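Data block below; observations after.
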Amino acid sequence: MKSEHSERTRDTAGQPAGGGRTDPATEAFVAHRNLLFTVAYEMIGSAADAEDVLQETWLRWAGVDLGTVRDPRAYLVRITTRQALSRLRTLGRRRESYVGSWLPEPLLTSPDVAEDVELADSVSMAMLLVLETLAPTERAVFVLREVFGLGYDEIAEAVDKNPAAVRQIAHRARAHVVARRPRGTVSPARTREALDAFRRAIETGDLQGLLDILAPDVVLLGDGGGVRQAVLRPVVGAGKVARLLVAGLERIPAGASLGRAQVNGHPALVFRVDGAIDTVVAVRVDDGLVTRLYAVRNPEELSYMQRKTTLRR
């Protein structure tokens with residue numbers, strides 16, 4: 001859930017007041033802000049909470065004696081990691097009582113995110129859900145090492161462990177992720193082709209068209225947050241998913257539209273009603289077929305679809 005200062009963070013955290021010259025602390029924070037947001041988002045899976053982490057990071061950074069800081073980037077990443085770990089542990093308890101499936105908060109991203117294949121893979125819905133299965137410290141170590149390429153000594157300072165322990169955690173986390181992550185990478189072109197076929201079938205209510213583009217073992221996950229209607233449990237199998245989607249088409253109101261967008265570095269569909277975003281549908285495509293559907297309907301998780309978010313490694 002968004003806190004009251006989530007929205008303020010975009011305007012105040014690291015931004016100079018009054019438009020004058022910035023001080024060195026502000027300049028350093030602004031220079032690394034997109035990187036810090038990406039670190040926090042990959043650790044938490046929530047953009048609103050990542051913004052809160054950046055607010056806390058800024059408040060602590062503003063009080064640091066810069067004369068003692070050798071590497072501002074490393075220092076800021078360390079603060080961000082610690083704040084994200086604290087937030088992640090709190091959120092873990094909340095998500096245990098979440099109504100239905102919890103899905104990561106979708107981000108409207110620019111084409112440059114998709115061009116960085118490793119970054120796009122790391123923020124995909126599929127990967128973020130795999131990261132959810134790691135313990136908080138394991139997730140932090142994996143993200144810092146595998147996505148951002150930090151050294152073990154630097155990660156050790158961020159997670160308050162010794163380098164030897166971090167190496168063991170990294171090895172364990174990597175094995176855990178490899179065993180659960182989607183196999184192989186899919187070209188954006190193949191994903192767009194499958195998505196377009198899926199979209200045509202949805203728009204025309206073509207049951208056979210859906211069955212043709214859905215993998216036999218496709219899984220549909222929905223997140224309504226207890227606020228909007230959504231499937232409470234995963235729906236498995238092309239037949240069940242296709243029939244559910246076709247039945248849902250009968251309830252679509254007039255003025256609805258289905259468009260394509262770049263979400264978390266990958267092509268996705270955005271369902272709007274009277275111009276307002278109702279549902280974001282991210283997909284996973286393997287061998288030309290849709291293998292995963294992630295439908296986010298919770299209004300509190302759709303605000304970052306209003307403007308593009310810049311992600312950096």
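None of the values given here were measured: they were computed from a predicted structure. The basis for the numbers below is simple: all heavy atoms, side chains too, and nothing from hydrogens, waters or symmetry mates.
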Exercise: identify the closest heavy-atom pair between Pro104 and Glu301: O-OE1, 4.2 Å
Evaluate the side-chain proximity of Trp61 to Leu66: yes if any heavy-atom separation is below 4.5 Å, no if none is. yes
Pick one: which of Leu150, Leu134, Leu131 meets side-chain contact (heavy atoms from CB on, under 4.5 Å) with Val143? Leu131
Indicate the atoms forming the closest heavy-atom contact of Ala47 with Glu105, along with that distance. N-OE1, 2.8 Å
Distance col, row Lys161:NZ vs Ile155:CD1, nearest 0.5 angstrom, shows 13.5 Å
Evaluate the side-chain contact (heavy atoms from CB on, under 4.5 Å) criterion for residues Phe198 and Leu293: first the C-alpha distance (whole Å), next the side-chain angles of each, then the deciding distance (0.1 Å), finally the verdict. CA-CA 11 Å; Phe198 177 77; Leu293 289 162; 3.8 Å; yes
Can you tell me if Thr133 uses its side chain to pair, donor with acceptor, with the backbone of Val130 under 3.5 Å? yes
Decide yes or no for Asp52 and Arg87: does some side-chain heavy atom of the first lie under 4.5 Å from some side-chain heavy atom of the second? yes
Between CZ on residue Arg60 and OH on residue Tyr75, distance to nearest 0.5 Å: 11.0 Å
Where do Ala114 and Ala120 come nearest, in terms of heavy atoms and distance? CA-CB, 4.1 Å
Pairs in or reaching into residues 237-286: which pass ring pair (Phe, Tyr, Trp, His ring centres under 6.0 Å), with residues at least two apart or in two chains? none
Over all heavy atoms of both residues, which pair between Val159 and Ala140 is shortest? Give the atoms and the distance, please. CG1-CB, 4.1 Å
Please identify each residue that fulfils salt bridge (charged side-chain N to carboxylate O under 4.0 Å, His left out) with Arg190, with sequence neighbours left out. none
Check the hydrophobic clustering (I, L, V, M, F, W, Y; side-chain heavy atoms under 4.5 Å; chains of links allowed) and say if Leu249 and Leu220 are grouped together. yes
Begin with the C-alpha distance, continue with both residues' side-chain angles, and end with the deciding distance and a verdict on side-chain contact (heavy atoms from CB on, under 4.5 Å) for Glu118 and Val147. CA-CA 7 Å; Glu118 290 185 0; Val147 181; over 6 Å; no
Would you mind listing every salt bridge (charged side-chain N to carboxylate O under 4.0 Å, His left out) that reaches into residues 107-117, with sequence neighbours excluded? Asp112-Arg312, Asp116-Arg313
Give the minimum heavy-atom separation between Ala156 and Asn162, together with the two atoms involved. CB-C, 3.9 Å
Could you work out, with side-chain hydrogen bond (donor to acceptor under 3.5 Å, both in side chains) as the rule, every residue matching His32, not counting sequence neighbours? none
Could you tell me which residues satisfy salt bridge (charged side-chain N to carboxylate O under 4.0 Å, His left out) with Arg192, sequence neighbours excluded, listed by chain and number? none
Any donor-acceptor pair under 3.5 Å linking the side chain of Gln262 with the backbone of Pro111? no
Determine whether Leu195 and Val285 make a side-chain contact, defined as any pair of heavy atoms from C-beta on separated by less than 4.5 Å. no
Decide if atom CD of Gln229 counts as having more than 12 heavy atoms of other residues, nucleotides or ligands within a radius under 6.0 Å. no
Would a hydrophobic clustering, with Ile, Leu, Val, Met, Phe, Trp and Tyr connected at side-chain separations under 4.5 Å, put Leu311 with Met43? yes
Looking at residues at least two apart in the chain, or sitting in another chain, which of them share a side-chain hydrogen bond (donor to acceptor under 3.5 Å, both in side chains) with Arg284? Asp286
Note, Ile213 side chain near Arg200 side chain (heavy atom, < 4.5 Å): no
Run the side-chain contact (heavy atoms from CB on, under 4.5 Å) check on Lys240 and Leu214 step by step: do they pass? CA-CA 11 Å; Lys240 290 182 180 179; Leu214 296 175; over 6 Å; no
What salt bridge (charged side-chain N to carboxylate O under 4.0 Å, His left out) pairs are there with at least one residue in residues 68-82, not counting sequence neighbours? Arg78-Glu157, Arg82-Asp160
Pairwise side-chain contact, Thr26 with Trp58, heavy-atom cut-off 4.5 Å (strictly under): yes
Minimum side-chain heavy-atom gap Glu51-Tyr304 below 4.5 Å: yes
Checking side-chain contact (heavy atoms from CB on, under 4.5 Å) for the pair Val177/Met127: CA distance, chi angles, key distance, verdict? CA-CA 8 Å; Val177 170; Met127 177 56 78; 4.0 Å; yes
Let me check something: do Leu258 and Leu207 share a hydrophobic cluster, defined by ILVMFWY side-chain heavy atoms less than 4.5 Å apart, either directly or through other members? yes
Residue pairs passing the salt bridge (charged side-chain N to carboxylate O under 4.0 Å, His left out) test where at least one lies in residues 132-146, sequence neighbours excluded: Arg95-Glu132, Glu132-Arg139, Glu138-Arg172, Glu146-Arg174
Using the test salt bridge (charged side-chain N to carboxylate O under 4.0 Å, His left out), find all partners of Arg243 that sit at least two apart in sequence or belong to another chain. none
Could you list the cluster mates of Tyr294? Members are the ILVMFWY residues connected by side-chain heavy atoms closer than 4.5 Å, either directly or through other members. Leu103, Leu108, Met125, Leu129, Val219, Leu221, Val236, Val263, Val270, Ile277, Val280, Val296, Leu302, Met305
Taking C-beta and beyond as the side chain, do Asn264 and Tyr41 meet within less than 4.5 Å on heavy atoms? yes
Out of Leu107, Thr57, Thr80, Thr310, which residue meets the side-chain contact (heavy atoms from CB on, under 4.5 Å) rule with Phe37? Leu107
Path from Trp102 to Leu128 over hydrophobic side-chain contacts below 4.5 Å: no
Go through the structure and list residues passing salt bridge (charged side-chain N to carboxylate O under 4.0 Å, His left out) with Asp196, not counting sequence neighbours. Arg260
What about Leu144 and Leu85, same hydrophobic cluster or not, with Ile/Leu/Val/Met/Phe/Trp/Tyr joined at side-chain heavy-atom distances under 4.5 Å? yes
Heavy-atom side-chain contact between Phe148 and Thr38 under 4.5 Å: yes
Which atom names give the shortest non-hydrogen contact between Ala40 and Ala50, and what distance separates them? CB-CB, 3.8 Å
Only pairs at least two apart or in different chains count here, so list each salt bridge (charged side-chain N to carboxylate O under 4.0 Å, His left out) that has a residue in residues 208-234. Arg228-Asp278
